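Taking it in order: structure first as structure tokens, then the write-up.
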Amino acid sequence: MAVRVIEVADFDLVVFGASGDLAHRKLIPALYHRCCDGQLPEDARIICSSRRAYTDEEYRDWAREALGEHVGELEEARINRFLSRLRYVAIDIGSGDGWDGLKELLDERPEVVRAFYLAVGPDLFGTICESIGANGLVTEKTRVVIEKPIGKDGKSAKALNDTVGAVFDEDQIFRIDHYLGKETVQNLMALRFANALFEPLWNAAHIDHVQITVAESLGTGGRAGYYDTAGALRDMVQNHILQLLCLVAMEPPESMDADSVRDEKLKVLKALAPIHEGDVDKLTVRGQYRAGASAGGAVPGYLEELGRDDSTTETFVALKAEIANWRWAGVPFYLRTGKRLAQRVSEIVVQFRPIPHSIFDEEAGTISANRLIIRLQPDEGVQMKVMIKDPGPGGMRLRQVPLDMSFAEAFKVRNPDAYERLIMDVIRGNQTLFMRRDEVDAAWAWIDPILEAWANSKEAPRGYTAGTWGPSASIALVERDGRTWAEDGL
Ligand code: BG6
């Protein structure tokens, strides 16, 4: 299938933190792919900046290595074409040295779209934004991109958003949640709103419950320092998982326009029933991995990896959420995420209610309720579990089979990384897939009381062996309601 490329206007993209991990793993490879697909205008420039004293050539060598590691199959001519777009400016954010060089470069083309990507820790957002403002670098076509974590609670998120908001208007601020750029996440919107089939059934009358699982087999990698200050609830639930929940639960927006979509997501976040301190033990489970086997070998526990034995940071969380509105009242949304789990898999499972009455006799077997599985990764796809008659003679015996749609098989195209789409959306000025400030606030408003209750609790997170599905209490969380975590997968 041919790749369709949407043209974007000429731009200067400035990446702060350009010698960091995100640039290495995601940003440089994403921009390279966009370049290869012909989406970057002829004169578009990628201006990379960090504290290190690289020359353009030295930075290009660094970028070449990043491509070698994360892209594979490289063609020399294509790489050179891409690398020739890269410029490097050393800036020491602390001392303020180096801004003149950036200003000089940017002033060459004040008329083009200008995007500042802050691939740095949030502690630097304020200083960078202030310097961008003080150096007169904000033009009408300027945007700024910030990465999570956006705060560690509602209060710090407000302070951070105020700092960025002092220099940029809300419609210039692009808060990335890379889950929104994933192909299947957008497919969720296509599935719901481009098919007549699902929407009439998409409510408490027909849906029994929803499960959202984002399981990782890896541990905290080289990010233990950050992770220990965050934990699974802040790292994954406050943003990615709540955003997925919003897309499953929101009302049909008026259009795909950014504010229409974000207005509907906001309503869902506001309708989340608060989890009060007294209910935290019943509705949440937090865990921390112990040594075990994962990703094909023996692995140490979280505390060993961290080199401390007093951390109570959770590496796993399971929650039972309720959305208190007409569409969803009484339908639990079971959410779980964790590191060092049995398998890397992210999926949304929509469990429909059983048929109201069976006309079949006992020999037909059990009639399982329909289940829609939307798999985000790996092997993106959608599957609908339906009952059919077992083929051949032998009477009317029924069984459940999957109506399967694997995207990799159906569309023989490379599945673009979320960052490819999101960076291009920034250039195009399309905020549909980015979080608005009030969404961030509403998400924290639901998360904060859980964090407080955990902080007040004397209990430590429950241990689970690396390579399993988390603490047994998370299984009990669902089984108490007479349900089970779906493990049939795609
Ligand atoms: C990041 C989290 O936002 O998402 C990481 O900080 C996590 O801890 C990552 O590993 C997962 O992203 P993906 O795209 O690999 O599912």
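Since we're looking at a predicted model, the values are computed, not measured. Both ligands and their constituent atoms are indexed starting at 1 by order of listing.
If you check the side chains of D153 and S156, you find a donor sitting under 3.5 Å from an acceptor. Side-chain N/O atoms of Q243 and E439 include a donor and acceptor closer than 3.5 Å. R344 and S217 share no side-chain donor-acceptor pair at under 3.5 Å.
Taking only nitrogen or oxygen atoms, main chain and side chain alike, H240 reaches within less than 3.5 Å of ligand 1. Looking at ligand 1, you'll find an N or O of Q377 within less than 3.5 Å of one of its N or O atoms. Between D235 and ligand 1, an N or O atom pair is found at a separation short of 3.5 Å.
For ligand 1, the atoms lying closer than 4.0 Å to a non-hydrogen atom of K339 are 5 (C), 7 (C), 8 (O), 10 (O). Listed by number with element, the atoms of ligand 1 under 4.0 Å from a non-hydrogen atom of K148 are 1 (C), 2 (C), 3 (O), 6 (O). Ligand-side atoms of ligand 1 in range of E216: 7 (C), 10 (O), 11 (C), range being under 4.0 angstrom from any heavy atom. Taking every heavy atom of H178 and a limit of under 4.0 angstrom, the matching atoms of ligand 1 come to 1 (C), 3 (O), 4 (O), 12 (O), 13 (P), 14 (O). Under a 4.0 Å criterion applied to the non-hydrogen atoms of R344, ligand 1 contributes the atoms 15 (O).
Using a cutoff of 4.0 Å between basic side-chain nitrogens and carboxylate oxygens, D235 and K148 are scored as salt-bridged. Salt bridge present: D208 and R483 bring a charged side-chain N and a carboxylate O closer than 4.0 Å. Ionic pairing of R308 and D228 is present here: one or more N-O contacts between side-chain nitrogen and carboxylate oxygen are shorter than 4.0 angstrom.
Scanning all protein heavy atoms for the shortest distance to atom 16 (O) of ligand 1 gives Y179 OH, 2.5 Å. Ranking protein heavy atoms by distance to atom 14 (O) of ligand 1, first place goes to K182 NZ, 2.6 Å.
Using a 4.0 Å cut-off between heavy atoms, R234 makes no contact with ligand 1 at all.
Put simply, the side chain of W202 gets close to the backbone of V248: a donor and an acceptor are under 3.5 Å apart.
More than 12 heavy atoms of other residues, nucleotides or ligands sit less than 6.0 Å from atom CZ of R192.
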